[in-house]
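Some notes on the structure that comes next.
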Amino acid sequence: NPMIIRLVSAALVAGFLAAVVATGLQLALTSPLIIAAERYETQASAAPVRPTPASLIVRVHGGHDHGTKDPSVAGGEVAPDWQPGPGLPRMAFTEVAERLRPHVDLPVVTSNRINMPDQAEQALAAGQADLVQMARPWLADPQWATKAESGRAETINTCIACNQACLDHTFQRKVASCLVNPRAAHETQLVLSPTTRRKRVAVVGGGPAGLAAAVSAAERGHAVELFEAGDDIGGQFALAMRIPGKEEFAETIRYYRGELERRAVALHLGRRVGVDDLTGFDEVVLATGVTPRVPEITGIDHPMVVTYPEAVLGTREIGERVAVIGAGGIGVDVTELLTTGASPTLDLKEWQDEWGVDPFSPERGGLKDAHPAPSPRTVYLVQRKETKIGAGLGKTSGWVHRAAIKAKGVHQIIGAAYERIDDEGLHITVDGKPRTLAVDNVVVCTGQESVRDLVEPLQAKGVTVHVIGGA
């Protein structure tokens with residue numbers, strides 16, 4: 001398979017430098033490592049020189065300059081605090097490699113947000129690059145190449161570019177792992193060996209934790225039944241995939257849907273089970289997830305109040321003026337949803353306009369004036385804490401979300417006390433001064449509470465219970 005040969009060749013030829021450039025990892029070095037592609041603008045004599053694509057160099061700060069002796073890696077300028085995370089379209093920088101390739105006589109490696117075989121094949125078949133380099137997809141599924149080579153792309157556990165357990169961990173000096181494959185880098189600690197005694201296992205809840213538990217138990221050889229009260233699997237991922245920039249979360253649901261079938265897990269949708277339904281199983285895994293936390297605010301039951309699942313799923317109509325209370329990860333996500341029409345992540349040109357990226361610009365960094373699409377709503381994002389909005393978001397993606405809501409003109413209010421909700425809107429107090437936000441809706445994003453109502457009744461019946469995930 002030509003693609004597999006080129007993928008393996010990329011690993012051998014590009015080596016460590018390619019991996020660092022493509023993923024932007026900041027290693028524990030004495031001096032900061034910043035890899036940037038730039039043009040010479042002056043000669044040693046300081047005489048001006050006309051920039052040409054052939055004059056591209058790779059510079060390692062804290063080290064020395066290298067000419068084009070190593071394989072050229074085209075992925076744009078990568079700085080320690082910038083990573084290709086949620087919101088970046090697939091193959092976003094491949095056209096940079098395509099522009100570079102005719103001007104050098106070395107193999108050109110393309111990288112960043114290439115996570116499935118069809119994209120790699122597309123880049124190679126179109127002549128955009130000689131090699132394809134990936135990093136995070138190998139954490140999500142170490143069998144990526146084997147599955148691609150054997151024509152089983154649909155069985156790949158796709159990297160969703162969330163950065164939560166890989167790059168965010170790296171910058172915190174923790175072990176890099178993977179949100180959709182927690183066994184990554186822990187393979188010797190979490191060993192899924194074949195069972196010596198086949199058991200009947202019930203898994204309650206079809207969210208990410210329940211799906212992973214059901215598939216893993218079945219992989220070991222147990223007889224597994226998965227019960228989901230809703231009409232489909234996915235849990236919180238089924239909400240996340242509707243947020244602009246997080247569409248890739250749907251790939252995880254796609255993967256597990258296939259795994260349930262391949263592992264012969266009996267799936268029961270629309271089935272809310274009770275204690276009596278579960279007493280006949282040898283083991284019960286409760287992955288019953290979370291429910292939105294409802295704060296104690298006068299008027300919280302007003303008709304204008306909407307929960308975040310209602311807002312995300314579109315089961316309640318949202319007006320043109322909205323207050324979002326709670327500015328953690330959920331509040332920021334909901335705010336992006338409410339201020340975005342069509343997701344620019346699904347259209348590379350729209351994304352480039354949104355963020356001011358111009359791959360054809362002669363200027364360093366390839367930037368132009370950003371033209372974000374206007375928000376269809378006026379949104380107030382309010383929190384009780386006095387810290388900045390989104391302070392707890394991931395290091396490598398938090399800045400993206402903060403920049404996005406700022407570009408949409410979101411009114412950010414911190415240090416607010418929630419007084420009441422009535423027909424006039426949301427009444428708050430900020431810096432000792434009363435204020436009324438005249439809004440059509442108040443979307444509640446004030447956290448989550450675990451759903452554990454089956455734990456004690458099952459234990460009282462002598463059932464072996466394992467509680468996982470949000471529960």
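The figures here come from the full heavy-atom set of this structure, side chains too, leaving out hydrogens, waters and symmetry mates.
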Can you confirm whether the side chains of [X] and [Y] place a donor and an acceptor under 3.5 Å from each other?
X: Lys174; Y: Gln172; result: yes
X: Asn163; Y: Thr396; result: yes
X: Glu247; Y: Ser343; result: yes
X: Thr307; Y: Glu310; result: yes

**Item:** From CA spacing to verdict: side-chain hydrogen bond (donor to acceptor under 3.5 Å, both in side chains), Gln128, Thr94
**Value:** CA-CA 7 Å; Gln128 294 177 305; Thr94 298; 5.1 Å; no
Do the non-hydrogen side-chain atoms of [X] and [Y] ever get within less than 4.5 Å of each other?
X: Val132; Y: Leu124; result: yes
X: Asp333; Y: Lys246; result: yes
X: Pro359; Y: Gln352; result: yes
X: Arg90; Y: Ile114; result: no
X: Val382; Y: Leu437; result: yes
X: Leu367; Y: Trp355; result: no
X: Thr110; Y: Gln133; result: no
X: Arg377; Y: Thr339; result: no

Going from [atom1] on [X] to [atom2] on [Y], what distance comes out if it is rounded to the nearest 0.5 angstrom?
X: Thr158; Y: Trp144; atom1: OG1; atom2: CH2; value: 9.5 Å
X: Leu338; Y: Asn441; atom1: CG; atom2: CG; value: 9.0 Å
X: Ile421; Y: Asp301; atom1: CD1; atom2: CG; value: 9.0 Å
X: Tyr380; Y: Arg321; atom1: OH; atom2: CZ; value: 4.0 Å
X: Glu336; Y: Ile243; atom1: CD; atom2: CD1; value: 8.0 Å
X: Glu296; Y: Thr446; atom1: CD; atom2: OG1; value: 11.0 Å

**Asked** Going through the distances and angles, do Arg435 and Ile413 end up as a side chain to side chain contact (heavy atoms under 4.5 Å, CB included)?
**Response** CA-CA 11 Å; Arg435 183 176 177 184; Ile413 302 174; 3.6 Å; yes
**Request:** In plain terms, say whether Arg136 and Asp141 are close enough for a salt bridge, that is, a side-chain N and a carboxylate O under 4.0 Å apart.
**Result:** no
**Asked** Should the pair Arg254-Glu251 be classified as a salt bridge under the 4.0 Å nitrogen-to-oxygen rule?
**Response** yes
Is it true that a side-chain atom of [X] and a backbone atom of [Y] form a donor plus acceptor pair closer than 3.5 Å?
X: Thr436; Y: Ala438; answer: no
X: Trp399; Y: Lys395; answer: no
X: Asp440; Y: Glu320; answer: yes
X: Lys147; Y: Arg152; answer: no
X: Thr345; Y: Gly87; answer: yes
X: Asn115; Y: Cys159; answer: yes
X: Asn181; Y: Leu139; answer: yes
X: His302; Y: Ile300; answer: no
X: Arg242; Y: Leu313; answer: no
X: Arg113; Y: Leu88; answer: yes

Give me the atom names and distance for the closest heavy-atom approach of [X] to [Y].
X: Val334; Y: Cys445; answer: CG2-SG, 3.9 Å
X: Leu393; Y: Gly329; answer: CD2-CA, 3.6 Å
X: Leu381; Y: Thr335; answer: CD1-OG1, 3.5 Å
X: Pro295; Y: Val444; answer: CD-CG1, 3.6 Å
X: Val443; Y: Tyr308; answer: CG1-CA, 4.2 Å
X: Phe237; Y: Pro208; answer: CD1-CG, 3.4 Å

**Item:** Test log, rule salt bridge (Lys or Arg N to Asp or Glu O under 4.0 Å), inputs Lys349 and Glu95
**Value:** CA-CA 12 Å; Lys349 299 306 178 186; Glu95 59 186 343; 3.5 Å; yes
**Prompt:** Does the side chain to side chain contact (heavy atoms under 4.5 Å, CB included) test come out yes or no for Asp231 and Leu269, once each step is laid out?
**Reply:** CA-CA 5 Å; Asp231 58 5; Leu269 294 175; 5.8 Å; no
**Message:** Could you walk me through whether Ile253 and Arg257 satisfy the side chain to side chain contact (heavy atoms under 4.5 Å, CB included) test, starting with their C-alpha distance in whole Å, then the side-chain angles of each, then the deciding distance to 0.1 Å, before giving a yes or no?
**Reply:** CA-CA 6 Å; Ile253 300 176; Arg257 195 185 306 280; 3.5 Å; yes
**Item:** Chi angles and distances behind the side chain to side chain contact (heavy atoms under 4.5 Å, CB included) call for Met91, Gln122
**Value:** CA-CA 10 Å; Met91 302 176 69; Gln122 177 184 334; 4.1 Å; yes
**Item:** Aromatic plane relationship, Phe93 with Trp351 - under 30° parallel, 30 to 60° tilted, over 60° perpendicular
**Value:** perpendicular
**Asked** Is the CD atom of Glu317 crowded by more than 12 outside heavy atoms at less than 6.0 Å?
**Response** no
**Request:** Start with the C-alpha distance between Lys368 and Asp353, add both sets of side-chain angles, then the distance that settles salt bridge (Lys or Arg N to Asp or Glu O under 4.0 Å), and finish with yes or no.
**Result:** CA-CA 8 Å; Lys368 63 180 180 180; Asp353 288 339; 2.8 Å; yes
**Request:** May I have the step-by-step check of salt bridge (Lys or Arg N to Asp or Glu O under 4.0 Å) for Lys408 and Glu354, ending in yes or no?
**Result:** CA-CA 10 Å; Lys408 295 295 186 179; Glu354 184 94 0; 3.2 Å; yes
